[in-house]
Amino acid sequence: MNRPKTSCETKTVLIFRLACVRPGRFSLIIKGAAKCATIDGGRRLVSTSEAQAFVEFDRVQKSYDGETLVVKDLNLSMPKGEFLTMLGPSGSGKTTCLMMLAGFETATNGDIRLDGQPINNIPPHKRGIGMVFQNYALFPHMTVAENLSFPLEVRKMGRSDREAKIKHALDMVQMGDFGGRRPSQLSGGQQQRIALARALVFEPELVLMDEPLGALDKQLRETLQFEITRLAHDLGITVVYVTHDQTEALTMSDRVAVFEAGRIQQLAPPDELYEAPINSFVAQFIGENNTLEGVVTAIQGDQCTVTLDSGDIIDARPVNVSAVGDRTKVSIRPERVEFNRERLHADAHTLKAEVLEFIYMGDIFRTRLRVAGSDDFVVKTRNAPDQRRLKPGEQIEIGWLPEDCRALDA
Amino acid sequence: MTDATAQDAMITADGTPLKVSLNRALRREKLRALMLIAPLLIFILVSFIFPIGDMLIRSVQNGMVSQVIPRTVTTLEDWDHTSGETPSEEVFQALTRDFMIAVERKDHTRLGTRLNYERTGMSSLFRKTGRRVDDLGEGYTDQFGDLDPAWEEPMTWVTLMGHPDWIAAQAAWDGEGAEPSFRLRDGVADVLPRTAEMYAAFAQVVQVEDEDSPTEEEPWHIVYASLYEDLQADGVDVTSLSAPILTAALEGSAAFETQSMRDGFIEIEEDWADPEVWGTIQAFSSPVTAGYFLKAVDLSLTPDGVEPVADNLTIYVELFWRTMWMSMTITFSCILLGYPIAWLMANLPDRSANLIMILVLLPFWTSLLVRTSAWKVLLQRQGVVNDTLVAIGLIGDDGRLALINNVTGTIIAMTHILLPFMILPLYSVMKGIPPSYLRAAKSLGATNVTAFRRVYFPQSVPGIGAGSILVFILSIGYYITPEIVGGTKGVFISNRIAYFISDSPNWGLAAALGTILLVVVLALYWAYDKVVGIDNVKLGG
Ligand SMILES: Nc1ncnc2c1ncn2[C@@H]1O[C@H](COP(=O)(O)OP(=O)(O)OP(=O)(O)O)[C@@H](O)[C@H]1O
Ligand SMILES: [Mg+2]
């Protein structure tokens, strides 16, 4: 989850490179450089209140047919330079949001603002938004170089400038030798790189990418994930990235917006999203998760007691429950389950469990248990020399720290 | 090296070399494929390839002159039409013989019609001559009769010319069943070549055409004339025929008064004295001619070589040219009208697109004749369009537009009829262009116009190409619509071809016009391939 650091030195070099090509960008880069000072622990600290919002969705609603809302009340605010990912199941409205931002669909209600200006007042071709489409949309009748040249030509750029930029952009995606080819003569990964280069060659401040890696194999996807993040950070551009793939979302982004049914369920940095999901949908959607259902029987500050449907009592942290008697789904990550009694609080509640299956996975062990009447409770343990290897049929007792177990909405 | 040996050694389980057994398997598959396409192949061969081949042959074929008047053509070879003189007596003698046979076979009118294509007046010349050609040489018949009345007996001739076996068979024939065919007596053709030839022709005509017996018919005058010519030839020796009457005739004929065939012909019709008539016969006597093709481009093959026809008679070049530019105009208006429709269809939701598709296809479900006639109703001077224009005051009642029976009418009606052939390929190509290309172009900073011009349009060009080829080739050979709405100014070359096929038959010229049309289409197709590339044509997405 660590992202490559951007050192202030490289950023400064970049300023001069970009400043030569487009003086207008200079001020933006200065801002970016100023932000370098606040780099901390490998993650840029960008808070929406500090910088002025660059992209803003304000109570946006969208309906295609006048009957159902595909996007319901979307509020989102992005500072410049942020890499934000929209993650969500199919049909949750991600592409729709992207299309509204790009100006190919109009919002039915609410405002979308780009750099403080309502986007509806700017025609699509003047927005300066780079876009990478899911199917790449490389123009089949043009060579790679002509594809890259297109956005520069429509900006009436001179020939020598164009050639320099095209070469630079192709080198950037390591495709320098492919300028003369047609898109049909490239592999999927190569086309993807070209699509990326084309979206970046005219130096947009905002780049939208709609599942750009969806069609590629795992290894290539990982390579390109890294390259996209590196480029985004090197160039200091703002990126809105759409994906199905939660790993992609977690590894690439500054913040992730989890979509469901036209709403953002949670908008948070990856670690927070994983460790502190605010509702059961997010908890289920991000990473592997064990869920138990029950009723809240006591709340004391940031700790509560839940009586499960099987009658067992466990400790949890109340997140989405407000009162005693509420039904709840408690969620606990498989790697936070403890079956070593000594590591738990002395007064912690424990549960009886029966080992059903033990799977050796190399770096970890994955154990499936029967807990409180549920057959698919999973525990993951690190393969360490002193780690206990459970056997099917074994009866054990499990527990956890109350802060690792989150009582969410039912 | 080792690789090659290893490959050579590749054998299948049963020991045959891999290549052989692969070939065998493939051959079986090919044979099966061939059998599947065989019915179509045969159909195309019979209904398409053969007719085209036949047309190509007809456009240059010219066997008739040398078939009908072979002797004349041979003797005419030495004649020089530039001399300004009529051919020699020998040519006229040959013509008399040819004509006599042709008249009996009724071939002379056909030949007259054929030569009339090249020179007006030939048809009536031949017909008129045909009526009186049997009188030519009568003088010889009389003189032979004066010499010995036996010459006027059919049996004298039969004994002289006929084979003994045939004479016996003919005598035995009772009028039932097949009449024994005439056979020349051995050796007579060597002594009296022309007489033998003409008598044989006479006997055949009598037997076949008239279903009579030569034993009862007095020969044609020309047979007597031929006998006279044979007897007058140098060194003729009739002793081998051992016929006393002939020996007597050899001596007696020396005193005969010579009859000029030439004068006979000129007396019948003085055009025979015109060297131009003979020039025409000579110019078209070869079995293969470029005459039809020359005519099809407003040139004519005269005895003096190739010459342009008189200005007031030129027609075909203008017709070809008109066919071309009108077809191009029609193609172009189809593009103009079809492109937006196809675009709309490709970009609307399926339901509405299907509705438009039905409207586009609707004309296909109506008879061509009905549609074309409907245009006649709409476009005529008192028609709907003119009435409407007058009613809204755009034109005065006396200024009604001529929209039909001219070029305008043909273009309007043809555009309407051929429009679906443009829309369908365009639509299927456009359907295959994802909307994301236009979006991508706009996101890259292109205006709507630029995005269309640089991204969408180039990708739709294969559709335009396919549609244009379809429409152009269909329209260049279209017949029925121009015929109905084209009047005289709006017809195509195809209408002229149809005219020469049925109204005023001249199949050679029709074939030449058709061949030129075919070549022009192929040439355009080739040029299209060079410029646009034929693989740039798509009929489907
Ligand atoms: N042009 C359209 N007309 C009508 N409905 C649409 C249109 N485009 C999308 N929808 C509907 O809007 C909803 C959201 O679609 P959207 O494409 O935004 O989903 P998504 O989150 O991008 O899904 P995926 O991950 O599968 O791409 C879907 O229910 C879809 O059926
Ligand atoms: Mg989508």
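Just so we're on the same page: letters track the sequence lines, and every chain starts at 1. Any value given below was found using the heavy atoms of this structure, including those in side chains, with hydrogens, waters and symmetry copies removed.
- Proximity to chain B is absent for every atom of L208(A), based on heavy atoms less than 4.5 angstrom apart.
- Between F133(A) and F104(A), the two ring planes are tilted [angle within 30° to 60°].
- Ring planes of F83(A) and Y241(A): tilted class, angle from 30 to 60°.
- Looking at Q134(A), neither its backbone nor its side chain comes within 4.5 Å of chain B, counting heavy atoms on both sides.
- Taking the six-membered ring where tryptophan is involved, the planes of Y339(B) and F452(B) are perpendicular, since the angle between them exceeds 60° and thus also 30°.
- Here R198(A) is the residue among R127(A), M142(A), R198(A) with the most heavy-atom pairs under 4.5 Å with chain B.
- Taking the six-membered ring for Trp and thresholds of 30 and 60 degrees, H141(A) and F139(A) have ring planes inclined between 30 and 60 degrees apart.
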